[in-house]
Amino acid sequence: MKKIFGLIIISGIIVSCLNQPEKDYSFSIHGNIEGDYSGIVFLYKREAGEWIKMDSVAIANKTFLFQGNIGLPEMYYISIDGDNNFAEIFIEQANISFNANFDDFRNPEISGSASHLEFTTYQEKSSAFDDMLSEAWKNIKAARVEGNREAEKNWEEAYDKTENDQKKFIVNYAMQNNVSVVSAYIVLRNAYQYDETDLEPIVNNFDNSVKGSIYIKKLSERIETLKRVSVDQPAVDFTMNDIGGNPVTLSSLYGKYLLVDFWASWCGPCRRENPNVVAAYIEFNDKGFDILGVSFDKDKDKWIKAVEDDGLLWHQVGDLKGWGNEAGKLYAINSIPSNILLDPKGIIIAKNLRGEDLLAQLEKLFAE
């Protein structure tokens, strides 16, 4: 469904020609910000990991007003000062009230949007999983500091179980709420946890009334991409510049078992995983194993420093587009660290091998 979306910001005194008819808008957001703030209010969307500014307005007497047209509900963000101080808001065809305190802007009171109410209700139900994951991760780190391997392993198992329970909860929610755009948004927001075999039945189960949603469209595109880069499929070739500005083509590295490793200097889990990847490279490089690192960095200097600090001895490429990395799009990468393992002919034989799993897979391959 083709949608036309327009935003008009009204601030202060509105002057209109008597002969000009008033415009009709499908939604309005009447905002109020308590506290010491007299700056700009921004309306954003989030696309491919980037903040897209839709419009902005100067606040007047602690209030602001957004009006516009929208088809199906969508998630937007209201921000002050254009920084990371933002609040989520599901916009739909309604008169919506937004009341926030400057000192606690991320937690506004929002009414008038049934979609937003549904989303916050879902968040309340799912927060228990987040709390348990946070607790498990805290105990994992403590066990590592203490050198208590048994406790670390137990907490890692607890973390994995909670994560799997959360994934099941999301799937069940989506299947039971198949007439909801909010449900489609929740699946897309967590799509990095699922492969195409998980996502396809969920998308197919959605009612026709919501299949025009941008979230269903993006999920369908992700499914098709994942199918193209699933295990047993040939790798999708690409060319990207290395740190020195020289083009490197993926297929030029075929002939060995090749790990394509998606990472970034700013990614904590990536940096923690790098020692495992270094160990695998050192042990198996002479036997016919190679790595191509694909950076999701935007800052070249930080990328170079991370390569040097972590002792990454293999080919490194990047286009400095962050989450917009073109190779990442080809492989539907929306979380890092991620990797794919190719055989010498460029066929995908495994995905997302980390730590001991990577070493075990390589030991098996080179024992054959």
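The chain is numbered in sequence order, starting from 1.
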Does a side-chain N-to-carboxylate-O contact under 4.0 Å join D297 and K302? no
(Q) Centroid separation under 6.0 Å, is that true for the rings of Y76 and Y44? (A) no
Taking 4.0 angstrom as the limit, do R189 and E88 come out as a salt bridge?
yes
task: State whether D165 and K161 are salt-bridged, where the test is any N-O pair (Lys NZ or Arg NE/NH1/NH2 against Asp/Glu carboxylate O) under 4.0 Å.
output: yes
| Centroid-centroid under 6.0 Å between F296 and W263 rings | no
* Asked: With a 4.5 Å heavy-atom cut-off, do R46 and W51 have their side chains touching?
  -> yes
Practice prompt. Please tell me if the side chains of D261 and V294 come closer than 4.5 Å, counting only heavy atoms from C-beta onward.
Written response: no
* N-O pairing of K227 and E200 below 4.0 Å -> yes
Would you say the side chain of V229 lies within less than 4.5 Å of the side chain of I340, judging by non-hydrogen atoms?
no
Can you confirm whether more than 12 heavy atoms, excluding those of N172, are under 6.0 Å from its CG atom?
yes
Checklist entry - Between F102 and Y37, does the ring centroid distance fall short of 6.0 Å? => result yes
W314 and G293 have their tightest heavy-atom pair at CD1-N, 3.7 Å
To the nearest 0.5 Å, atom CD of E224 lies from atom OG of S220 at 7.5 Å
Partner of Y173 under ring-ring contact (aromatic ring centres under 6.0 Å, His included), picked from Y122, F119, Y185, F129, is Y122
Here the gap from S265 atom OG to W303 atom CH2, rounded to the nearest 0.5 Å, amounts to 10.0 Å
**Asked** Would you call K168 and E163 a salt bridge, using N to O less than 4.0 angstrom?
**Response** no
Check R149 with E152, please: is the shortest side-chain N to carboxylate O separation under 4.0 Å?
yes
In this structure, CG of N325 is separated from NZ of K329 (nearest 0.5 Å) by 8.5 Å
So CZ of R228 and CG of L226: to nearest 0.5 Å the spacing works out to 9.0 Å
K125 meets the side chain to side chain donor-acceptor pair (under 3.5 Å) criterion, sequence neighbours left out, with none
Task: N241/D319 under side chain to side chain contact (heavy atoms under 4.5 Å, CB included): CA gap, chis, key distance, verdict - done: CA-CA 7 Å; N241 287 348; D319 56 14; over 6 Å; no
Could you check if a side-chain atom of K62 sits within less than 4.5 angstrom of a side-chain atom of I33, using non-hydrogen atoms only? no
Those residues at least two apart in sequence (or on a different chain) that pass ring-ring contact (aromatic ring centres under 6.0 Å, His included) with F366 are Y257, F284
Correct closest heavy-atom pair for L362 and A280 would be CD1-CB, 3.9 Å
Note: S28 and L65 closest approach over all heavy atoms is CB-CD1, 4.2 Å
Less than 4.0 angstrom from a charged side-chain N to a carboxylate O is my criterion; do K153 and E150 meet it? no
Is K211 atom NZ crowded by more than 12 heavy atoms from other residues, nucleotides or ligands, each under 6.0 Å away? yes
Tell me whether the rings of F64 and F66 are parallel (<30°), tilted (30 to 60°) or perpendicular (>60°).
perpendicular
